[in-house]
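Inspection log for the structure reproduced underneath, given as C-alpha cells.
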Amino acid sequence: MATSAKASKILSVEEYIEFENQSEVRHEYINGELYAMAGTSTKHNDIVDNIKRLVKDHFRPKGCQVYSENIKLEVIKNEYYPYPDIIMTCDKRDENANFIISHPNLLVEVWSENSYKRDHEFKWRRYKKIPSLQSYLMVSLYEFFAELYTRIGDTVFWKYETFESKEDMVNFEKLGFSISLAQIFQDITFASKDIA
C-alpha cells in the first residue's frame with residue numbers, strides 16, 4: 001500500500017525497530033526517515049489472503065515461511081525496510097527472524113491507483129537487487145491483471161510477463177509453482193468503475 005505522512009526525526013534502524021514494535025501504525029523506513037503506511041481495503045486484503053493461502057499451502061511443507069503485510073523486509077541494509085503484501089522465504093538465514101526477513105524468494109504487491117507507481121518503479125528498482133529474489137508478482141486491485149518478473153538464471157536480468165484472463169496460469173518457473181488468475185481473484189467482485 002502507498003505510504004502517507006513522513007515522520008520528522010532521522011532514526012537508526014535499531015531505533016526504527018524499537019519504535020515500530022510499540023506503534024499501532026506501520027511505517028516504512030527509507031534512509032532514516034519513517035513513512036506512515038496508508039490503510040487498505042477489504043478487496044485488497046481478500047486478494048492478499050487468496051495468494052498467501054495458495055503460496056503457503058504449497059511451500060510450508062517444503063520448510064518455507066510465508067508472511068503478509070505486517071512483516072518488514074530488509075531490501076538495503078540500514079537504508080530501506082518496506083512491508084510487502086506477501087513475502088515468501090525458503091532461506092535458512094531467515095529461520096530465526098522475528099521482525100525482518102532479509103532473503104526472500106518471492107515478493108507480491110497488490111497495487112491500487114495510489115501505489116501503482118511506487119510498486120512498479122521505486123520498489124521494483126530496489127527489490128530486483130535482492131540476491132535471493134526469484135520472482136516479483138504485482139496484482140491489480142481493479143481487474144483480472146497481474147505482472148510477473150522472473151530472474152533469469154543467476155543473473156541481474158529478469159523476464160517480464162503479463163496475465164489478463166481468468167484462465168491464465170501464472171507460472172513461477174524458478175519456484176516450481178503455478179496459480180491461475182481465477183485462484184488469485186477467487187470471490188472478488190469488480191465494480192463497473194474498476195474496469196471502465
Side-chain angles (χ1 to χ4, degrees), residues 1-7 16-17 19-30 33-57 59-60 65-75 80-89 97-101 104-128 130 133 135-149 162-164 166 170 172 179-196:
M1 270 287 108
T3 54
S4 58
K6 165 175 96 165
Y16 162 61
I17 293 169
F19 173 81
E20 200 73 345
N21 289 341
Q22 299 171 23
S23 175
E24 293 182 11
V25 177
R26 295 179 303 154
H27 299 81
E28 285 194 351
Y29 178 96
I30 306 173
E33 296 181 343
L34 306 190
Y35 294 80
M37 300 292 293
T40 187
S41 68
T42 55
K43 189 189 301 182
H44 180 280
N45 192 265
D46 287 341
I47 293 170
V48 168
D49 283 350
N50 285 345
I51 300 168
K52 181 182 179 184
R53 184 183 78 263
L54 294 162
V55 173
K56 196 169 190 175
D57 287 351
F59 287 102
R60 281 298 292 272
Q65 301 297 317
V66 183
Y67 304 101
S68 60
E69 301 180 296
N70 290 314
I71 299 298
K72 293 178 278 296
L73 174 68
E74 181 178 78
V75 179
Y80 183 41
Y81 295 80
Y83 286 90
D85 287 325
I86 296 173
I87 304 171
M88 191 271 286
T89 178
N98 287 321
F99 307 109
I100 300 172
I101 297 301
N105 302 102
L106 168 66
L107 296 174
V108 179
E109 297 283 7
V110 177
W111 56 264
S112 66
E113 288 179 351
N114 292 334
S115 69
Y116 180 87
K117 185 170 183 175
R118 184 171 185 77
D119 291 344
H120 284 75
E121 295 179 13
F122 182 86
K123 287 185 176 181
W124 172 233
R125 284 201 318 266
R126 288 152 181 82
Y127 285 173
K128 68 183 178 181
I130 301 171
L133 187 65
S135 301
Y136 178 44
L137 179 67
M138 289 175 284
V139 177
S140 172
L141 189 60
Y142 308 109
E143 60 181 328
F144 288 103
F145 184 70
E147 301 161 274
L148 177 66
Y149 283 95
T162 60
F163 308 89
E164 302 183 44
K166 285 175 72 170
V170 181
F172 300 89
I179 53 176
S180 68
L181 253 58
Q183 291 173 299
I184 290 173
F185 293 104
Q186 182 179 350
D187 299 325
I188 300 297
T189 302
F190 298 111
S192 56
K193 66 178 180 59
D194 289 343
I195 57 178

### Message
Could you check whether any side-chain N or O of Asn50 sits under 3.5 Å from a backbone N or O of Gln186, counting only pairs where one atom can act as donor and the other as acceptor?
### Response
yes
### Inter-residue atom distance Leu181.CG - Phe144.CZ, 0.5 Å rounding
7.0 Å
#### Entry: Ile188 vs Lys43 side-chain heavy atoms within contact, under 4.5 Å
yes
### Task
Please tell me if the side chains of Arg60 and Gln65 come closer than 4.5 Å, counting only heavy atoms from C-beta onward.
yes
### Message
I need the Tyr116 OH to Ser140 OG distance, nearest 0.5 Å.
### Response
9.5 Å
### Query
Hey, are Glu109 and Tyr127 close enough side-chain-wise for a donor-acceptor pair under 3.5 Å?
yes
### Message
According to side-chain contact (heavy atoms from CB on, under 4.5 Å), who are the partners of Ile71, at least two apart in sequence or on a separate chain?
### Response
Tyr67, Ile87, Ile101
## Note on the structure
So CZ of Arg118 and OG of Ser112: to nearest 0.5 Å the spacing works out to 11.5 Å
### Query
When Phe172 is tested against each of Val55, Asn105, Leu148 for side chain to side chain contact (heavy atoms under 4.5 Å, CB included), which residue passes?
Leu148
### Nearest non-hydrogen partners of Phe122 and Ile30, listed with the distance
CZ-CD1, 4.0 Å
### Query
Where is the tightest heavy-atom contact between Phe190 and Glu143, given as atom of each residue plus distance?
CE2-N, 3.3 Å
### Query
Of all heavy-atom pairs between Arg126 and Val75, which one has the smallest distance, and what is that distance?
O-CG1, 3.6 Å
### Task
Answer yes or no: is there a side-chain heavy-atom contact under 4.5 Å between Leu141 and Ile47?
yes
### Task
Heavy atoms only: give me the nearest Ile86-Lys52 pair and the separation to one decimal.
CD1-N, 3.5 Å
### Query
Is a side-chain donor or acceptor of Glu20 paired with a backbone partner of His27 at a separation under 3.5 angstrom?
yes
### Query
Are any of the side-chain heavy atoms of Lys123 and Met138 separated by less than 4.5 Å?
no
### Message
Any heavy-atom pair between the side chains of Ile130 and Leu73 that's under 4.5 Å?
### Response
yes
### Donor on one side chain, acceptor on other, Tyr149 and Glu147, under 3.5 Å
no
### Task
Using ring pair (Phe, Tyr, Trp, His ring centres under 6.0 Å) as the criterion, list what pairs up with Phe145, not counting sequence neighbours.
none
### Summary
Looking only at heavy atoms, the pair that brings Ser115 and Val110 closest together is OG-O, 4.1 Å
### Message
Show, in sequence, the C-alpha distance, side-chain angles and deciding distance for Tyr81 and Leu34, and conclude whether the side-chain contact (heavy atoms from CB on, under 4.5 Å) test is met.
### Response
CA-CA 10 Å; Tyr81 295 80; Leu34 306 190; over 6 Å; no
### Query
Roughly how far, to the nearest 0.5 Å, is CD1 of Ile51 from CD1 of Ile179?
6.0 Å
### Task
Output, in order, the C-alpha distance, side-chain angles, deciding distance and verdict of side-chain contact (heavy atoms from CB on, under 4.5 Å) for Asn70 and Arg26.
CA-CA 8 Å; Asn70 290 314; Arg26 295 179 303 154; 3.1 Å; yes
### Set of ring pair (Phe, Tyr, Trp, His ring centres under 6.0 Å) partners for Tyr16, sequence neighbours left out
Tyr29
### Task
Could you tell me which non-hydrogen atom of Asn21 sits nearest to which non-hydrogen atom of Lys72, and how far apart they are?
OD1-NZ, 4.4 Å
### Query
Do the side chains of Lys117 and Trp111 get nearer than 4.5 Å, heavy atoms only?
no
### Straight-line distance of Leu54 CG to Lys56 NZ, nearest 0.5 Å
12.5 Å
